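What follows is a set of notes on a single structure, which appears directly below.
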Amino acid sequence: MRALRIPVDADEPIREVQVDKLEDYQAIVGGWVEAVDIHSLGITIYVAEEGLIMQLPFNSRASFLWWYFVPEARQKAMLVGPALITGLPDRVGQGTDIPSQVADQLLSKGEWRVEVKVHGDPKWYKNSATYDDYFEALVWAMVTLERWTLAEDTRVVPVPPDELAGEEAPPPAARRHQAPTHGGDCPD
């Protein structure tokens with residue numbers, strides 16, 4: 001079955017892996033598995049069940065993905081140790097392939113942007129800040145939702161190549177430290 005492995009070290013790339021049996025899951029996460037479902041993406045994230053007891057390090061990418069799509073988990077729990085992402089279990093409880101769209105999104109390189117929907121307006125507004133890391137964009141999407149009272153919803157979308165081609169982008173280090181703004185294309 002097609003799956004993704006998310007290492008703890010954010011500098012280590014996410015890798016596509018094949019898992020076929022429980023022992024494959026356990027080998028990747030480092031012990032008994034605990035499942036966390038993200039129904040809106042059609043995925044399950046597996047981590048070591050005793051990861052907190054074993055004092056495994058915080059897995060920021062797996063946690064931010066979970067927190068963004070399952071807001072009730074924020075500030076209550078975190079995912080530690082290496083993580084494995086598969087599709088949601090089928091009707092008999094067997095694992096399934098990670099949906100291709102989700103795998104492609106998590107594996108792709110590129111620029112990402114947070115779009116915002118404000119209360120009472122069905123339109124999505126572009127934020128001028130861009131991020132070269134999908135997970136960093138997820139963090140800013142959550143921060144925007146929690147801090148900007150006009151925000152009703154946020155989403156992370158790829159920046160179209162034609163938008164990048166015509167502008168001179170700041171160096172990656174400068175983009176990483178650029179705070180999201182709500183001016184420009186976003187309403188005040």
Side-chain angles (χ1 to χ4, degrees), residues 1-112 114 131-147 154-158 172-173 175-177:
M1 156 185 23
R2 182 182 186 206
L4 295 181
R5 179 186 183 276
I6 301 181
V8 169
D9 183 349
D11 292 328
E12 192 177 328
I14 296 171
R15 299 262 187 234
E16 187 171 324
V17 295
Q18 285 294 124
V19 292
D20 298 312
K21 54 191 184 288
L22 177 61
E23 292 80 12
D24 297 337
Y25 289 49
Q26 291 172 328
I28 289 171
V29 303
W32 293 104
V33 296
E34 179 175 356
V36 175
D37 293 333
I38 302 178
H39 292 280
S40 62
L41 293 180
I43 64 170
T44 299
I45 302 175
Y46 294 92
V47 293
E49 183 179 53
E50 296 182 337
L52 290 172
I53 294 168
M54 297 183 323
Q55 298 181 345
L56 294 179
F58 176 64
N59 190 320
S60 61
R61 293 180 290 187
S63 293
F64 292 141
L65 185 65
W66 182 38
W67 292 341
Y68 180 75
F69 289 99
V70 184
E72 55 273 12
R74 294 180 203 157
Q75 309 297 323
K76 295 184 177 95
M78 63 181 175
L79 302 178
V80 298
L84 176 71
I85 300 179
T86 68
L88 288 170
D90 63 18
R91 290 185 180 153
V92 294
Q94 296 297 310
T96 61
D97 287 337
I98 183 172
S100 293
Q101 180 181 2
V102 175
D104 293 346
Q105 186 170 1
L106 298 180
L107 290 170
S108 69
K109 301 286 183 206
E111 293 289 316
W112 301 92
V114 175
Y131 309 93
D132 56 4
D133 181 88
Y134 175 77
F135 296 95
E136 184 176 2
L138 279 181
V139 170
W140 283 110
M142 286 187 293
V143 167
T144 300
L145 269 179
E146 291 176 6
R147 301 289 181 181
T154 59
R155 66 183 181 189
V156 175
V157 298
R175 281 195 310 269
R176 270 194 287 278
H177 300 293

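None of the values given here were measured: they were computed from a predicted structure. By convention here, the first residue in the shown sequence is residue 1.
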Original post:
What are the two closest heavy atoms between I43 and P99, and how far apart are they?
Top reply: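 Result for this residue pair: CG2-CD, 3.7 Å.
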**OP:** List the atom of L56, the atom of A48, and the distance in Å for their closest heavy-atom pair.
**Re:**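 Looking at all heavy atoms of both residues, the closest pair is CD1-CB, 3.9 Å.
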**OP:** Give, for atom CG of D133 and atom CZ of R61, the distance between the pair rounded to the nearest 0.5 Å.
**Re:**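 The distance works out to 7.5 Å.
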Original post:
Could you give the distance from CD (Q105) to CD1 (I98), rounded to the nearest 0.5 Å?
Top reply: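 That separation rounds to 10.0 Å.
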Donor-acceptor list for residues 80-91 side chains, cut-off 3.5 Å, not counting sequence neighbours:
residue : atom : partner : partner atom : Å
D90     : OD1  : V92     : N            : 3.0
D90     : OD1  : G93     : N            : 3.1
D90     : OD1  : Q94     : N            : 2.8

Tabulate below the donor-acceptor pairs under 3.5 Å that side-chain atoms of residues 9-17 make, not counting sequence neighbours, or state none.
residue : atom : partner : partner atom : Å
D9      : OD1  : D11     : N            : 2.8
E16     : OE1  : R2      : NE           : 3.2
E16     : OE1  : R2      : NH2          : 3.2
E16     : OE2  : R2      : NE           : 3.1

For residues [X] and [Y], determine if any side-chain heavy atom of one lies less than 4.5 Å from a side-chain heavy atom of the other.
{"X": "F58", "Y": "S63", "answer": "yes"}
{"X": "M78", "Y": "W66", "answer": "no"}
{"X": "Q101", "Y": "L41", "answer": "no"}
{"X": "Y68", "Y": "V139", "answer": "no"}

Only distances under 3.5 Å count here; give the side-chain donor-acceptor pairs of residues 20-37 to other protein atoms, sequence neighbours excluded, each with its distance to 0.1 Å.
residue : atom : partner : partner atom : Å
D20     : OD1  : M1      : N            : 3.1
D24     : OD2  : D20     : N            : 2.6
D24     : OD2  : K21     : N            : 3.1
D37     : OD1  : T44     : OG1          : 2.6

Subject >> side-chain hydrogen bond (donor to acceptor under 3.5 Å, both in side chains) involving Y46 - partner list, sequence neighbours excluded >> reply: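 Not a single residue meets the side-chain hydrogen bond (donor to acceptor under 3.5 Å, both in side chains) criterion with Y46.
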Original post:
Can you list the residues that meet the side-chain hydrogen bond (donor to acceptor under 3.5 Å, both in side chains) rule with E49, with sequence neighbours excluded?
Top reply: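 For E49, no residue satisfies side-chain hydrogen bond (donor to acceptor under 3.5 Å, both in side chains) once neighbours in sequence are set aside.
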**OP:** Just grab all the salt bridge (charged side-chain N to carboxylate O under 4.0 Å, His left out) pairs involving residues 69-78, residues at least two apart or on different chains.
**Re:**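 Qualifying pairs: R74-E146.
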Original post:
Looking at W112 versus Y131, is the centre-to-centre ring distance below 6.0 Å?
Top reply: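 No: the rings miss the under 6.0 Å criterion.
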Subject >> I45 and I6: CA distance, side-chain angles, deciding distance, side-chain contact (heavy atoms from CB on, under 4.5 Å) verdict >> reply: CA-CA 10 Å; I45 302 175; I6 301 181; over 6 Å; no
**OP:** Flag yes if more than 12 heavy atoms outside Q18 fall under 6.0 Å of its CD atom; otherwise flag no.
**Re:**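 Yes.
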**OP:** List the steps and the verdict of side-chain contact (heavy atoms from CB on, under 4.5 Å) for Y134 and L65.
**Re:** CA-CA 10 Å; Y134 175 77; L65 185 65; 4.3 Å; yes
